[in-house]
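Have a look at the structure below before the remarks.
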Amino acid sequence: MKLIFLGPPGAGKGTQAEKISELYGIAHISTGDMLRSQMREGTPLGAEAKGYIDRGELVPDELIVAMVAERIKEEDCANGFLLDGFPRTVSQAEALNGISDIDMVIDIAVPAERLMERIGGRRMCSGCGAGYHTSSYHKDTCEKCGASLYIRDDDRPETVKHRITVYERQTKPLIDYYREKGNLSRVNGDNTPDRVFDDVAAAIKGLV
Ligand code: AMP
C-alpha cells in the first residue's frame, strides 16, 4: 500500500501517519523528520536545508526528490509506505510519478484559522524527534527516550504564518492535481485525533 498524506502544517499529518503506518505495517516517510535528523547529525544536506527550514521556505525540489527516491528503495518500504509532507509542489509530484505509483492521496483538511493555535501546542523531542502536543501530553521530557522537549524554531508564530502562505501557494494546488488523477480522498481534520484516525482508516479500507 502506497499512500500520500496532504494537508497544511498543523493538520495532524504526522500524528495520523504514525498510527496508520503502524496499523498497516508500512514505512512512515516524513521528509520534515528526515531533514531534521540530517540537521541534528550535521550532514551537508542538513546544513543546506537549515536555512530554508528556518525561514519557513521549501527546500529545493531536487534535494527532496533525491532523498525520497533513495528512501523508498529501502527494505522497510517493500510492503508499502506512507509519504508525510511529500510531495509539496507539483514539480515534486511529477518527479514522484517517475519513481513510484501511489494508491491513494488523503488530504487532511483543516481551516487556516485553526492552524496557528494547533501549532502553538506542538513540542518535539531533542533526542529522537518524536512529536507531542500540549493538549494531550503534559510532561517536558520524551516518553520514548527521556530527552527534553523543545519548540521547533519554525513553529514560532512569524515563521508559521509564512509556512501557511507557502502551503497555500505551492502545496494546495496538489489537491486539484490529485483530484484530476482520480485518487484523492478528503478527510475533515478539524476533529479529535481519534475521529480523524477513524475517518482516515475508513478511507483506506477500500484498498486492503
Ligand atoms: P514538516 O515537518 O513537514 O512541517 O517540514 C518542515 C520543513 O521541512 C518545511 O517547512 C520545509 O522547509 C522542509 N520540507 C519538508 N518536506 C519538504 C518537501 N517535500 N519539500 C520541500 N521542503 C520540505
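Indexing begins at 1, ligand by ligand and atom by atom, following the structure's order.
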Atoms of ligand 1 under 4.0 Å from any heavy atom of R152, numbered from 1 in the order shown, are 1 (P), 2 (O), 4 (O), 6 (C)
Identify whether NZ of Lys or CZ of Arg in R55 sits under 6.0 Å from the centre of the six-membered ring of Y52 and within 45° of that ring's axis. yes
Test of proximity, L35 against ligand 1: N or O pairs below 3.5 Å: no
Going by side-chain contact (heavy atoms from CB on, under 4.5 Å), R186 matches just one of I108, L6, I175. Which one? I175
Short side-chain donor-acceptor distance under 3.5 Å, T43 and Q38: yes
D154 and T159 side chains, donor-acceptor separation under 3.5 Å: no
Straight-line distance of M116 CE to K161 NZ, nearest 0.5 Å: 5.5 Å
So, does K13 sit close enough to ligand 1 that a heavy atom of it is under 4.0 Å from the ligand? no
So if I count the atoms of ligand 1 from 1 in the order they appear, which ones are less than 4.0 Å from some heavy atom of R36? 2 (O), 6 (C)
So if I count the atoms of ligand 1 from 1 in the order they appear, which ones are less than 4.0 Å from some heavy atom of Q92? 18 (C), 19 (N), 20 (N), 21 (C)
Cation-pi check for F197 against K19: NZ or CZ below 6.0 Å from the six-membered ring centre and within 45 degrees of the axis, yes or no? yes
Could you find the nearest protein heavy atom to atom 19 (N) of ligand 1 and give me its residue, atom name and distance? G85 O, 2.9 Å
Please confirm whether R163 comes within less than 3.5 Å of ligand 1 when only nitrogen or oxygen atoms on both sides are compared. yes
Which of the ligand 1 atoms, numbered from 1, are nearer than 4.0 Å to a heavy atom of T31: 15 (C), 16 (N), 17 (C), 19 (N)
Cut-off 3.5 Å, side chains only: do E22 and H28 have a donor facing an acceptor? no
Protein contact of atom 22 (N) of ligand 1 - nearest heavy atom, named by residue and atom, plus distance: V59 N, 3.0 Å
Ligand 1 contacted by R55 (non-hydrogen, < 4.0 Å): no
Please identify which atoms of ligand 1 are closer than 4.0 Å to at least one heavy atom of E57. 11 (C), 12 (O)
Apply the salt bridge (charged side-chain N to carboxylate O under 4.0 Å, His left out) test between D155 and each candidate in R36, R118, R163; give the one that qualifies. R163
Examine Y52 against ligand 1 and note whether any of their N/O atoms are separated by less than 3.5 Å. no
Closest non-hydrogen atoms of E94 and Y177, given as atom of the first, atom of the second and distance, are CG-OH, 3.3 Å
Which residue holds the protein heavy atom closest to atom 9 (C) of ligand 1, what is that atom called, and what is the gap in Å? R88 NH2, 3.9 Å
L58, portion touching ligand 1 at heavy-atom distance under 4.0 Å: both
